[in-house]
**Student:** 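My questions all concern the structure below.
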Amino acid sequence: QVQLVESGGGLVQPGGSLRLSCVISGSIFGINAIGWYRQAPGKERELVANIITGGSTNYADSVKGRFAISRDNAKNTVYLQMNSLKPEDTAVYYCSATRFGKPYWGQGTQVTVSS
C-alpha cells in the first residue's frame, strides 16, 4: 500500500518557476521508480520525468534542460523543479510510484502558466 500526495502547483507567469513535491507514505521499500506525469485538457497523460532506485533519471524532450527531478529519501519526498515555464506546460501534474510492478498515483496538482 502506497500513498502519494502532491503539492506545489499554482498559477505562474511564463518564464517563472515552481517546485512540486510528492510525499510518499506506506510501504515504500519496494518502490523502484517514481515518476511525474502530466495531463492537459484533451490530451493523454504523458511522462514528464522519472527517477529509478539507482538514481538514473529520464525526461521528456519537451522539458529537458528546464525541469529536474530529485529525491530526498530521508523525507520520503520526490521533487520536480520546473524552470522557464511555458504556457504549454499547463496541466494537472501527477506523482506516480511503481512497487512490485503495480502503479500508484497521487491526486494531482494543477499547474497553470499564463500571463
Side-chain angles (χ1 to χ4, degrees):
Q1 188 176 36
V2 178
Q3 286 193 286
L4 310 169
V5 179
E6 303 100 328
S7 63
L11 176 64
V12 64
Q13 293 188 352
S17 298
L18 285 173
R19 188 173 77 162
L20 306 183
S21 298
C22 174
V23 178
I24 306 166
S25 61
S27 301
I28 66 174
F29 292 109
I31 297 172
N32 69 318
I34 305 292
W36 284 99
Y37 292 74
R38 67 186 182 187
Q39 187 167 25
K43 304 269 189 175
E44 292 188 354
R45 188 172 299 185
E46 64 174 343
L47 175 68
V48 177
N50 65 13
I51 184 167
I52 312 301
T53 300
S56 298
T57 58
N58 298 281
Y59 297 91
D61 288 340
S62 59
V63 307
K64 285 181 179 178
R66 299 190 297 121
F67 291 9
I69 187 170
S70 61
R71 183 174 183 174
D72 186 335
N73 288 326
K75 297 181 179 179
N76 292 324
T77 301
V78 175
Y79 303 96
L80 184 68
Q81 178 66 47
M82 306 186 296
N83 299 321
S84 301
L85 283 162
K86 305 174 181 179
E88 51 263 44
D89 295 318
T90 296
V92 178
Y93 284 71
Y94 298 89
C95 183
S96 178
T98 301
R99 181 176 184 268
F100 300 129
K102 183 178 180 179
Y104 297 85
W105 295 90
Q107 82 287 352
T109 185
Q110 177 71 47
V111 173
T112 302
V113 184
S114 177
S115 59

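Just so it is clear, the structure is predicted and the values come from calculations on it, not from any experiment.
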**Student:** Tell me the closest heavy-atom pair linking Leu18 and Gly8, and the distance in Å.
**Tutor:**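 Result for this residue pair: CD2-O, 3.8 Å.
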**Student:** Go through the steps to decide whether Cys95 and Ile34 satisfy the test side chain to side chain contact (heavy atoms under 4.5 Å, CB included), and finish with yes or no.
**Tutor:** CA-CA 7 Å; Cys95 183; Ile34 305 292; 4.0 Å; yes
**Student:** Can you label the angle between the Phe67 ring and the Tyr93 ring as parallel, tilted or perpendicular, going by 30° and 60°?
**Tutor:**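 Correct class here is tilted.
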**Student:** Compare every heavy atom of Ser84 with every heavy atom of Ser17, then report the nearest pair and how far apart it is.
**Tutor:**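 Scanning both residues, the minimum pair turns out to be OG-N, 4.3 Å.
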**Student:** Grab the two heavy atoms, one from Ala40 and one from Ala91, that are nearest each other, plus how far apart they are.
**Tutor:**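 That would be N-CB, 3.8 Å.
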**Student:** Is there a path of hydrophobic side-chain contacts, each under 4.5 Å between heavy atoms of I/L/V/M/F/W/Y residues, joining Trp105 to Val23?
**Tutor:**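 Hydrophobic grouping puts Val23 apart from Trp105.
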**Student:** Closest approach of Tyr94 and Gly106, non-hydrogen atoms and distance?
**Tutor:**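 So the two residues come closest at CD2-O, 3.7 Å.
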**Student:** Look only at the side chain of Ser96 and the backbone of Tyr104, and say whether a donor-acceptor pair between them is shorter than 3.5 Å.
**Tutor:**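 Side chain of Ser96 to backbone of Tyr104: a pair is present.
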**Student:** For the CD1 atom of Ile69 and the CG atom of Asn58, what is their distance to the nearest 0.5 Å?
**Tutor:**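 Between Ile69 CD1 and Asn58 CG, I get 9.0 Å after rounding to 0.5 Å.
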**Student:** Ignoring hydrogens, what is the shortest heavy-atom contact between Leu4 and Ala97? Give both atom names and the distance.
**Tutor:**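 Looking at all heavy atoms of both residues, the shortest contact is CD1-N, 3.5 Å.
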**Student:** How long is the straight-line distance from CZ of Arg66 back to CG of Leu85, given to the nearest 0.5 Å?
**Tutor:**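 Reported to 0.5 Å precision, the distance equals 6.5 Å.
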**Student:** Look at the side-chain heavy atoms of Ile, Leu, Val, Met, Phe, Trp and Tyr, link any pair under 4.5 Å apart, and say whether Val63 and Tyr79 land in one connected group.
**Tutor:**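 No.
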**Student:** Are Phe29 and Val78 joined in one hydrophobic group, where the rule is that I, L, V, M, F, W and Y side chains link up if heavy atoms are under 4.5 Å apart?
**Tutor:**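 Yes, Phe29 and Val78 fall within the same hydrophobic cluster.
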**Student:** Hydrophobic clusters here meaning ILVMFWY residues chained together by side-chain heavy-atom distances under 4.5 Å, can you tell me if Tyr37 and Leu20 are in one?
**Tutor:**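 No; tracing contacts between hydrophobic side chains, which count when under 4.5 Å, never links both residues.
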**Student:** Kindly say whether Ser27 contributes a backbone atom to a donor-acceptor pair with the side chain of Arg99 at under 3.5 angstrom?
**Tutor:**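 Judged by distance alone, yes, a pair lies under 3.5 Å.
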**Student:** In a check of side-chain contact (heavy atoms from CB on, under 4.5 Å) between Ile24 and each of Val5, Ile31, Thr77, which one passes?
**Tutor:**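 That would be Ile31.
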**Student:** For the pair Tyr59 (side chain) and Gly65 (backbone), establish whether a donor and an acceptor sit closer than 3.5 Å, ignoring hydrogens and angles.
**Tutor:**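 Not a single qualifying donor-acceptor pair exists.
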**Student:** Counting C-beta onward and ignoring hydrogens, is there a side-chain heavy-atom pair between Trp36 and Met82 closer than 4.5 Å?
**Tutor:**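 No - every pair of side-chain heavy atoms lies 4.5 Å or more apart.
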**Student:** Are there more than 12 heavy atoms of other residues, nucleotides or ligands under 6.0 Å from atom CD of Glu88?
**Tutor:**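 Atom CD in Glu88 is packed in, count exceeds 12.
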**Student:** Side chains of Gln110 and Thr90, heavy atoms from C-beta outward: is any pair under 4.5 Å?
**Tutor:**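 A side-chain contact under 4.5 Å exists here.
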**Student:** Rounded to the nearest 0.5 Å, how far does CZ of Arg45 lie from CZ of Arg38?
**Tutor:**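 With rounding to 0.5 Å, CZ (Arg38) is 13.0 Å from CZ (Arg45).
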**Student:** Any carboxylate oxygen within less than 4.0 angstrom of a Lys/Arg side-chain nitrogen, looking at Asp61 and Lys64?
**Tutor:**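 Lys64 and Asp61: salt-bridged.
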**Student:** Got Ser114 and Leu11 here, is their nearest side-chain heavy-atom distance under 4.5 Å?
**Tutor:**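 The answer is yes; the side chains approach within 4.5 Å.
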**Student:** Within the side chain of Glu6, is there an N or O that forms a donor-acceptor pair under 3.5 Å with the backbone of Gly108?
**Tutor:**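 Checking the backbone N and O of Gly108 against the side chain of Glu6, a donor-acceptor pair under 3.5 Å is found.
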